[in-house]
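Take a look at the structure set out below.
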Protein chains: 2
Amino acid sequence: MDQTAPQKGTVTGRAIEQLKAMIGEGRLEPGERLPTERDLATQLGISRSSMREAIRALTVMGVLEARHGSGIYVTQLEAGDLLETFGVVADLSRGRRLVELLEVRRVLESTATALAAARISADQLADVEKHLEAMNATEDPEEILSHDLAFHRTIALAAGNDTMAAILEGLSSRTFRARVWRGYQEEGAFERTRREHARIHCALVARDPEAARAAAAAHVGEVEEWMRAQLDG
Amino acid sequence: MDQTAPQKGTVTGRAIEQLKAMIGEGRLEPGERLPTERDLATQLGISRSSMREAIRALTVMGVLEARHGSGIYVTQLEAGDLLETFGVVADLSRGRRLVELLEVRRVLESTATALAAARISADQLADVEKHLEAMNATEDPEEILSHDLAFHRTIALAAGNDTMAAILEGLSSRTFRARVWRGYQEEGAFERTRREHARIHCALVARDPEAARAAAAAHVGEVEEWMRAQLDG
DNA sequence: GGGCGAATATTTATCAGACCACTTGGCGCT
DNA sequence: AGCGCCAAGTGGTCTGATAAATATTCGCCC
């Protein structure tokens, strides 16, 4: 039959697949600029509207980046770019899935913290301490949350697996944490959180991966258990 | 009028955020049908083209589903819907990130297998065995891969964490596995793979979580190590 | 009266063309 | 040579129309 344009799915869907294929096969290098929307539409034999929808789809996936007036570029395809949508999942999840996400986070966070205990550099450790102190020096929940996020982010990056760090970033995204925290911290968990953070820091300083893993697992596990209780109650 | 959204970012970007907010705040329930494209465009004061791009964006994220001739619906917001894009990440990753993804998979897969050892039902265990036997009964790589995927998927689902299963599904997506497998299996790893699968199955039957965790970690770790060696060589 | 099929209405999918907003690079002026 | 302005190029948005798939309604036949 017709091997150039088989009739499957929607026109836009095909365009998305073709663009993905171009990048997947290496015909488009990271950072490279694509032809214009108009040219691409002509090449694939579709209208500019449909082409734009396909481009928009790949843009939200973090594969492409459109710069107004300049052109369309392939991103560096780094973990952070591609896993941005992960945060959306966290934001839209409720109830049971929230617990499941926390369970995933517990598994990854404990592993990342264990790896960090073995690999963290002096500079990174200093950063961790900076956020730890800043977190303990204020009572503003907004600021505490901010440093808490940075505390864990620094550790995740020190683990040396950017992909894992990017996933954890999504699982700790601002609105996600804020939603869970609102209730959790109301029950006076500040002090316990401080102790848990201190224990994690201790394990990092001692370069003890197993202690770090246990401390991180317990830290996330606390929130997880609270969340689980909220659902039952 | 509407003084809440004066001038930030692109029109389409704003529409995406507004739609996300509607769903996030629960103003749109899962499965519910949205107003028509035209109505939505009018409500938000934008053109239908822009509205369509916003809808397309949320469609690829797995949040919305458009049915030709019928309308636009909110998905059930299940893990599988939302984490579909995870497979795209795996497909577009190369080199170092491929190893990082395998590391993530090793961590999650071993945890899921350990959980499954404790929770798997008789029916599910029978399914696992079915795929294990089918995998050993053929020499067709395509069929082996297919049953291998089903083997691990069944175990992940038995772990009882749908979110984790969905992520693992993405990390094991067909093209991802196929790419890695092509080289790996050429080195005659079939026999070793069989032994590893058998060990995992054994641990499940014995309901021994720690043995299951170790077996799964070793299984993925084998591929991971091979991949790492490929990069250096 | 009830079931069933065709006509009709609704809605998404796609296309075409125009104009606006922003970026970039070159051209001319100082 | 340096600076500033302008024009071409490009993504962003809008309008309106047509096709295709689905949902609804109505009329016909039994």
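Values reported hereafter were calculated over all heavy atoms of this structure, with side chains retained and with hydrogens, waters and symmetry mates removed. Model, not experiment: these values are computed from the prediction.
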(message) If you define the side chain from C-beta out and look only at heavy atoms, does anything of A:L102 sit under 4.5 Å from A:W226?
(response) no
(request) Take the angle between the ring planes of A:H197 and A:H152 and call it parallel below 30°, perpendicular above 60°, tilted in between. (result) perpendicular
(request) Before accepting this row, confirm whether a basic side-chain N of the pair B:E17/B:K20 lies closer than 4.0 Å to the acidic partner's carboxylate O. (result) yes
(request) Can you pull out how bent the helix from C:dG1-D:dC30 to C:dT30-D:dA1 is, comparing the axes over its first five and last five pairs, to 10°? (result) 10°
(request) Specify the separation, in whole Å, of atom CG of A:L40 and atom P of C:dC15. (result) 14 Å
(request) Determine which pairs satisfy salt bridge (charged side-chain N to carboxylate O under 4.0 Å, His left out) with at least one residue from residues 81-91 of chain A, sequence neighbours left out, and list them in order. (result) none
(message) Measure CD/A:E65 against P/D:dG11 and give the value in whole Å, please.
(response) 13 Å
(message) Without decimals, in angstroms, what is the distance between A:L34 CG and D:dG9 C1'?
(response) 16 Å
(request) Identify the two heavy atoms, one from B:L98 and one from B:S93, that lie closest to each other, and give their separation to 0.1 Å. (result) CD1-O, 3.4 Å
(request) Could you tell me which non-hydrogen atom of A:E37 sits nearest to which non-hydrogen atom of A:M51, and how far apart they are? (result) O-CG, 3.8 Å
Can I get a per-line list of side-chain donor-acceptor pairs under 3.5 Å for residues 154-163 of chain B, giving both atom names and the distance, sequence neighbours left out?
from	atom 1	to	atom 2	distance (Å)
B:T154	OG1	B:A150	O	2.7
B:N161	OD1	B:T163	N	3.1
B:N161	OD1	B:M164	N	3.0
B:N161	ND2	A:E100	O	3.4
B:N161	ND2	A:E103	OE1	3.1
B:T163	OG1	A:E100	OE1	2.5

(message) Rounded to whole Å, how long is the line connecting atom CG of A:L44 with atom P of C:dC15?
(response) 11 Å
(message) I want to check something: taking the side chain as every heavy atom from C-beta on, are B:T85 and B:V89 in contact at a cut-off of under 4.5 Å?
(response) no
(message) Test: salt bridge (charged side-chain N to carboxylate O under 4.0 Å, His left out). Region: residues 171-182 of chain A. Which pairs qualify, not counting sequence neighbours?
(response) A:E142-A:R174, A:D148-A:R177
(request) Please state how far atom CD1 in B:I72 lies from atom P in D:dA21, giving the value in whole angstrom units. (result) 18 Å
(request) Report yes if the side chains of A:V11 and A:L44 come closer than 4.5 Å at any heavy-atom pair, otherwise no. (result) no
(message) Short of 4.0 Å, heavy atom to strand atom, which residues of residues 50-57 of chain A count as contacting DNA chain C?
(response) A:S50
Between the protein and nucleotides 17-24 of chain C, which nitrogen or oxygen pairs are less than 3.5 angstrom apart?
from	atom 1	to	atom 2	distance (Å)
C:dA18	N6	A:R48	NH1	3.3
C:dA21	N3	A:H68	NE2	3.0

(request) Identify whether the distance between the nearest side-chain nitrogen and carboxylate oxygen of A:E53 and A:R56 falls below 4.0 Å. (result) no
(message) Heavy atoms from C-beta onward define the side chain here; which of C:dT12, D:dT13, C:dC15 lies closest to that of A:V11?
(response) C:dC15
